[in-house]
Chemist: 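Mind looking over this structure? Questions follow.
We count residues from 1, following the sequence as given.
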Amino acid sequence: MNNPTSQPKQSEKRRKQNALVISLVTGILLTLVLAYLIPAAYSENGMDGLWGIIPAIAVALAAYGSVLMIIRDRITLGIGVLISTILLASLSLPIFAHGQGLSLGVMVLVLVAGISSATLSSLWATRAIGGAFVISLIIVLTDLYFPGSSLPTDPRYTNAIAVIMSAVYVFFILRRFNTYGLRAKIIIAFIFIAGIPLITLGYFYSRSSAQVLQNQSRIQLTNIAKIEASSVDNFITNQIDSVHADAKQLAFLEYLRLPVPARADSVKETNARLALLSLTRKDPVFIHSIAILDVDGLNLLDTFEEYKGRSEADRIYFLRPMQTGLPFVSNILFQDDRENIYFSAPIKSQSGNIIGVLRVEYHAKIIQAIIRSVDPLNPGTTLSLIDTNTYLRVAYTGDRDELFKSYKNFTDPELSILQIEGRLPAGTRENVLSETDNSIVEGIDNLQQQPFFDATSQSLGPSTNTGIFLQTQPWVAVVRQSKANYLAPVEEQNRVTILISLILIILSIGAGFLASQVLTAPLITLARTAEKIAVGDRTARAEASTEDEIGLLASSFNRMTDELNQTFKNLEIRVVERTTDLEIARRQSEKRAGELQAIGEISKVITGEQALEKLLPLISRLVSERFGFYHTGIFLLNDTNQFAVLQAASSEGGQKMLAREHRLEVGGSGIVGYVAKFGTPRISLDVGQDAVFFNNPDLPSTRSEMALPLKVRNRIMGVLDVQSEKPGAFTEYDASTLSILADQIAIALENARLFTQTQHALAEAQAQYRQNLQGSWKAFSREEETIGYHQSLMSGKKISKPIETDEIREAINRGEVLVLNADKDRHDATIVVPIKLRGQIIGTMNIKAPTTNRLWSKNEVNLAEAISERLSLALENARLIQESQRQVIKEQTISEVTGKIGASINLKNVLQTAVEELGHAIPGSEVTIEFEQKNGNVEQ
């Protein structure tokens with residue numbers, strides 16, 4: 001910095017020009033910023049939003065006043081007024097803008113340093129910078145430890161002013177940095193060094209703390225989303241399994257097999273209707289309708305009478321089971337001013353033909369109930385289930401009015417189409433597309449690439465969002481959490497960080513003043529040379545004008561430059577070679593990745609199939625399709641391990657070989673026989689030194705063949721044979737890769753075999769158990785004199801003879817509860833409940849109403865069923881206890897008799913004791929002990 005009294009006129013002119021430009025730029029820049037911020041702050045927060053802008057208005061007025069003074073050649077006074085206004089206005093900032101002390105303090109320091117270093121003498125510039133540093137410290141400390149007097153402001157506006165002004169003056173300082181003296185450069189550099197730790201540490205600790213809290217929040221959100229998705233998936237899967245099982249009920253089959261004219265008012269129609277009513281008890285709150293549809297989609301029977309007789313042939317829940325023969329679940333459908341979800345399954349005859357469809361209609365709010373059960377009850381967290389096609393809130397724990405409304409702002413034609421298709425509810429745009437949010441739509445679309453995304457809502461403000469896609473429906477479980485909930489501890493952490501940063505600033509500035517007295521011109525020259533080399537000028541050379549350490553360093557820089565030039569030349573050659581190697585490696589990696597991906601996809605598919613007769617053709621087809629093989633065959637060893645028998649093939653020639661039961665001898669001349677014997681992969685090609693001629697009339701296009709062993713626990717169970725139309729198509733690298741697939745196939749085959757064995761064993765065990773249980777109860781019934789009990793309102797008595805009625809026989813034959821209400825032909829109301837023990841009927845409960853013309857309620861029927869279940873267990877426990885007691889008495893009697901017999905040592909006494917004890921144990925019996933002599937005579 002230069003003393004103005006010793007500067008020539010040119011220096012004075014430059015100072016005046018700098019002062020005029022800085023003052024004018026400051027005034028214009030603040031005017032533009034205020035013109036934008038004042039309306040925005042007032043519109044959002046009223047007068048409260050303007051408090052933080054008042055100091056900026058004062059500085060703008062001072063800048064224009066400084067311009068007038070500088071024009072009149074009163075440079076020092078004009079700049080002094082501007083700097084003084086900045087310092088005084090900055091002292092008032094903590095009153096108006098709490099929480100922004102760090103950014104404001106940095107701005108004051110940068111502004112004063114930039115203005116004073118370019119316009120004032122060295123003495124006044126040093127004083128101004130020192131005063132700015134002290135005031136910056138006061139601002140930061142006041143903001144940190146005396147926040148009580150601050151007025152509420154929006155930090156976006158004050159921070160915006162600080163960032164814009166600091167950026168302009170940093171640019172101005174750096175742009176004119178070369179015109180400053182060495183001391184001024186060092187002071188300015190250390191001011192930046194002092195400011196960087198303040199900003200860096202504050203940002204680092206704030207960011208790291210926020211990141212930790214954000215990670216914890218994301219883990220929590222992910223867990224909630226997984227639970228939410230799993231709950232809905234489990235419900236849908238259970239309902240699909242349930243409707244699939246219910247569609248097999250005999251009552252439905254018998255009803256649909258009846259001719260159409262014979263169905264009305266038939267017994268089988270009554271049975272089918274009762275079966276439908278029994279299904280509604282699974283969820284009487286949310287199940288609206290259960291119906292039987294014929295093959296033309298006509299509603300034959302329905303628990304909701306208004307639906308009976310209507311045609312549902314155009315409904316997706318009817319068309320899909322009829323086409324695929326599999327159970328089906330629909331999306332949310334909006335029809336007849338209702339929102340429903342449908343489950344359906346085909347009803348098949350014993351021959352496997354589809355003769356109808358069982359359809360269950362649920363209220364869609366069942367999904368809302370499931371999501372509500374997962375809700376963590378945190379006011380800052382909301383859960384929703386969103387349709388990925390229509391972005392409809394299928395379920396939502398926030399505002400109830402937003403349920404079944406879409407996030408996406410569809411056009412009017414799109415909205416009309418979706419409403420006609422029943423994918424969105426009917427009504428106006430406001431009723432269907434309330435609070436549309438593009439950030440939610442984009443976040444869901446990119447959820448697989450970016451699991452977390454940000455959004456803003458009126459209830460949560462800025463929020464973090466994540467989602468998990470469901471496996472059963474095109475829905476995504478989305479969880480939203482307000483950022484304000486988990487970022488509150490960051491503010492406290494910032495206080496400690498800023499205090500540490502202030503200490504570093506003081507130490508850095510002190511070091512700057514010391515360094516300015518030590519460094520010399522040769523160092524600056526050397527630094528410039530190093531900078532040229534760093535930016536790529538390898539021709540730059542340092543001037544070694546001295547013989548001290550600086551001179552030695554300059555010589556080292558020159559040698560380094562020469563070595564760098566040589567190194568760069570060598571690197572260019574190596575880069576070309578390495579690029580070629582990398583390209584080859586990239587292609588191999590892509591091929592390897594594609595093969596491994598195909599192996600993973602095949603493994604995923606085949607592990608889901610457990611029937612061996614379906615698994616083998618599936619494997620051969622998938623391997624040929626995914627790897628592009630001409631032929632894929634699977635050989636399995638027969639029971640004697642003498643032949644490898646073809647079990648599946650993908651090509652037409654392979655099908656011919658299957659038809660004639662093609663087999664190869666283990667250890668034969670072909671590669672399949674070789675692999676089947678030795679268990680090592682083998683490749684045959686028609687090119688190269690070991691060329692092979694392929695002579696298979698069923699596979700004439702084969703040019704390459706590879707056989708891989710199918711081994712499980714070092715046991716060869718078969719061979720995977722793949723053939724290609726390309727010469728030399730297989731390498732050892734391919735063999736090692738496809739060996740992974742062969743191992744997966746072998747495991748899948750072994751699992752299928754074990755599954756089949758397990759199923760047979762389970763069926764045998766269940767049959768044996770039922771037989772034992774049935775035999776035990778028959779024996780028990782024969783031994784017991786009392787076979788039942790009759791209880792009336794007046795008295796009760798034991799039953800010694802079986803009671804047989806048509807109702808009891810029908811209930812036993814059907815194995816279901818028989819409910820007979822009073823009607824015109826029948827005055828007595830009866831409930832017949834089979835008593836089942838693990839699927840076996842061991843008795844019945846026959847319940848008659850005490851009054852005539854009685855109608856049984858669902859609660860009474862459910863109560864009777866519950867009592868029947870508990871009664872079966874109690875009877876079984878009583879039978880087991882009685883058998884145990886008899887066995888104990890028997891063992892005790894044997895023990896006593898044996899003990900008394902063993903107490904005698906004389907043969908006659910032993911025989912006498914045995915006869916007497918047996919007579920006592922079996923009253924009324926005659927006991928005789930006889931010995932057989934050698935001559936055949938019998939002695940008593």
Chemist: Let me see the working for Y362 and H288 under ring-ring contact (aromatic ring centres under 6.0 Å, His included), right down to the final yes or no.
Modeler: CA-CA 6 Å; Y362 266 85; H288 180 255; over 10 Å; no

Chemist: Say whether K282 and S242, considering side chains only, have a donor N or O and an acceptor N or O under 3.5 Å apart.
Modeler: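 Checked: K282/S242 side chains pair up, N/O donor to acceptor below 3.5 Å.
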
Chemist: Tell me, which pairs form a salt bridge (charged side-chain N to carboxylate O under 4.0 Å, His left out) where one or both residues lie in residues 358-370, sequence neighbours left out?
Modeler: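 As it turns out, the salt bridge (charged side-chain N to carboxylate O under 4.0 Å, His left out) pairs with a partner in residues 358-370, which skip direct neighbours, are D302-R359, E312-R359.
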
Chemist: Any side-chain heavy atom of L470 within less than 4.5 Å of one from L385?
Modeler: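 A side-chain contact under 4.5 Å exists here.
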
Chemist: When you compare the side chain of D387 with that of N331, does any pair of heavy atoms fall below 4.5 Å?
Modeler: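 Yes, at least one pair of side-chain atoms sits under 4.5 Å.
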
Chemist: Under the side chain to side chain contact (heavy atoms under 4.5 Å, CB included) criterion, do R372 and T397 qualify, and how do the steps go?
Modeler: CA-CA 6 Å; R372 285 287 184 187; T397 62; 3.8 Å; yes

Chemist: Looking only at heavy atoms, which two atoms of S231 and V374 are closest? And how far apart?
Modeler: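 Answer, listing the atom of S231 first, then V374: OG-CG2, 3.7 Å.
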
Chemist: Taking all non-hydrogen atoms of both residues into account, name the closest pair between G297 and F318 and its distance.
Modeler: N-CZ, 3.2 Å

Chemist: Minimum heavy-atom separation for T382 to G398, with atom names?
Modeler: CG2-CA, 4.4 Å

Chemist: Got Y342 and V360 here, is their nearest side-chain heavy-atom distance under 4.5 Å?
Modeler: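 No, too far: nothing below the 4.5 Å cut-off.
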
Chemist: Atom CZ in F452, atom CG in N215: separation rounded to 0.5 Å?
Modeler: 8.5 Å

Chemist: If we count only N and O atoms by modelled type, under 3.5 Å, do the side chains of S463 and Q481 hold a donor and an acceptor together?
Modeler: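 Side-chain D/A pair, S463 to Q481: absent.
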
Chemist: For I290 and L277, run side chain to side chain contact (heavy atoms under 4.5 Å, CB included): C-alpha distance rounded to whole Å, both residues' side-chain angles, the deciding distance at 0.1 Å, then the answer.
Modeler: CA-CA 8 Å; I290 302 180; L277 292 174; over 6 Å; no

Chemist: Taking C-beta and beyond as the side chain, do L424 and L415 meet within less than 4.5 Å on heavy atoms?
Modeler: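 Yes; the side chains approach each other to less than 4.5 Å.
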
Chemist: Quick one: which residue pairs count as a salt bridge (charged side-chain N to carboxylate O under 4.0 Å, His left out) with a foot in residues 410-427, not counting sequence neighbours?
Modeler: D412-R429, E421-R423

Chemist: Taking side chain as C-beta onward, heavy atoms only, is L418 less than 4.5 Å from T390?
Modeler: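 When only atoms from C-beta onward are counted, T390 and L418 do touch, with a gap below 4.5 Å.
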
Chemist: Taking the ring centre of each residue, are Y396 and F404 less than 6.0 Å apart?
Modeler: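 No - the distance between ring centres of Y396 and F404 does not fall below the 6.0 Å cut-off.
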
Chemist: Can you tell me how far CD1 of I240 sits from CZ of F235, rounded to the nearest 0.5 angstrom?
Modeler: 10.0 Å

Chemist: Determine, for Y317 and R315, whether the Lys NZ or Arg CZ falls below 6.0 Å from the six-membered ring centre while staying within 45 degrees of the axis.
Modeler: no

Chemist: Say whether T237 and N234, considering side chains only, have a donor N or O and an acceptor N or O under 3.5 Å apart.
Modeler: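 Result is no, nothing qualifies.
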
Chemist: How long is the straight-line distance from CD of Q216 back to CG of L221, given to the nearest 0.5 Å?
Modeler: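 L221 atom CG to Q216 atom CD measures 11.5 Å (nearest 0.5 Å).
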
Chemist: Considering only heavy atoms from C-beta outward, does the side chain of L319 approach that of F328 to under 4.5 Å?
Modeler: no

Chemist: What verdict does the side chain to side chain contact (heavy atoms under 4.5 Å, CB included) test give for K405 and L433, after you've listed the backbone C-alpha separation in whole Å, the side-chain angles of each residue and the deciding distance to 0.1 Å?
Modeler: CA-CA 5 Å; K405 294 183 180 179; L433 308 177; over 6 Å; no

Chemist: Taking all non-hydrogen atoms of both residues into account, name the closest pair between T222 and T466 and its distance.
Modeler: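 Closest heavy-atom pair between T222 and T466: N-CG2, 4.1 Å.
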
Chemist: Judged by modelled atom types alone, do R480 and N465 share a side-chain donor-acceptor pair under 3.5 Å?
Modeler: yes

Chemist: Report the C-alpha distance between I347 and V357 in whole Å, list the side-chain angles of each, state the deciding distance to 0.1 Å, and finish with yes or no for side chain to side chain contact (heavy atoms under 4.5 Å, CB included).
Modeler: CA-CA 5 Å; I347 301 174; V357 172; 5.8 Å; no

Chemist: For Y391 and D445, does a side-chain donor sit closer than 3.5 Å to a side-chain acceptor?
Modeler: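 There is such a pair (donor and acceptor under 3.5 Å, judged by atom type) between the side chains of Y391 and D445.
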
Chemist: Specify the closest pair of heavy atoms between I316 and L333, including all atoms of both residues, with the distance to one decimal.
Modeler: CG2-CD1, 4.3 Å

Chemist: Is a donor on one side and an acceptor on the other found under 3.5 Å between the side chain of N223 and the backbone of I219?
Modeler: yes

Chemist: Report yes if some heavy atom in the side chain of F410 is under 4.5 Å from a heavy atom in the side chain of I417; otherwise report no.
Modeler: no

Chemist: Minimum heavy-atom separation for P321 and A345, please, with both atom names.
Modeler: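 So the two residues come closest at CB-C, 4.4 Å.
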
Chemist: I want to check something: taking the side chain as every heavy atom from C-beta on, are V232 and W475 in contact at a cut-off of under 4.5 Å?
Modeler: yes

